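First up is the structure itself, then whatever we jot down about it.
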Amino acid sequence: MPGRLWSLGVFLVALGIAAYAVGWDALLWVPRVVLDSLIWVPSAILDAVSTSPATFGVITLGVVLMVFARMKGRRRD
């Protein structure tokens, strides 16, 4: 337990120093961009599925076959 508290304390000190050096807006810019891209990806996938379901089905089948081949290849080794 003391090790975890020490690690949390070090993290908070580093976060505070970084926020002081570059500001909270710049520091929180990266997580905002990551979250925006994570929200964008599912909506783009849903858009692609609704636009061309046959193409998405072919892509999905290809991915499934690739995963299956990888799993089967690992069992053989």
Side-chain angles (χ1 to χ4, degrees):
M1 187 69 169
R4 288 184 182 176
L5 290 176
W6 177 264
S7 297
L8 181 61
V10 168
F11 172 74
L12 290 176
V13 168
L15 182 66
I17 291 171
Y20 180 77
V22 297
W24 283 108
D25 289 338
L27 193 63
L28 294 177
W29 177 78
V30 173
R32 283 188 201 132
V33 169
V34 169
L35 286 176
D36 287 345
S37 67
L38 290 176
I39 292 170
W40 174 80
V41 170
S43 69
I45 291 172
L46 291 176
D47 238 8
V49 171
S50 65
T51 303
S52 180
T55 304
F56 186 75
V58 169
I59 293 170
T60 304
L61 181 61
V63 170
V64 167
L65 289 175
M66 289 166 38
V67 169
F68 180 71
R70 175 66 100 174
M71 289 172 52
K72 191 169 182 168
R74 285 189 181 178
R75 287 184 187 162
R76 196 176 302 174
D77 292 341

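Keep in mind that this is a model prediction, so the values were computed, not measured. All values below were derived from every heavy atom in this structure, side-chain atoms included, with hydrogens, water molecules and symmetry-related copies excluded.
- Listed by first and then second residue, the side chain to side chain donor-acceptor pair (under 3.5 Å) pairs involving residues 51-63 are Ser52-Thr55 (not counting sequence neighbours).
- The hydrophobic cluster containing Val30 also contains Val33, counting ILVMFWY residues as joined when their side-chain heavy atoms lie under 4.5 angstrom apart, directly or transitively.
- In the hydrophobic clustering (ILVMFWY side chains linked at under 4.5 Å, chained through shared members), Leu15 is joined by Leu8, Phe11, Leu12, Val22, Trp24, Leu27, Leu28.
- Under the 4.5 Å side-chain heavy-atom criterion for ILVMFWY residues, a single connected hydrophobic cluster contains both Trp40 and Val49.
- Atom NZ of residue Lys72 and atom CG of residue Leu65 lie 12.0 Å apart, to the nearest 0.5 angstrom.
- In this structure, CZ on Phe56 lies 8.5 Å from CG on Leu46, to the nearest 0.5 angstrom.
- Counting non-hydrogen atoms of neighbouring residues, nucleotides and ligands closer than 6.0 angstrom, the CZ atom of Arg70 reaches no more than 12 such neighbours.
- Hydrophobic cluster membership for Leu5: none, as no Ile, Leu, Val, Met, Phe, Trp or Tyr side chain comes under 4.5 Å of it.
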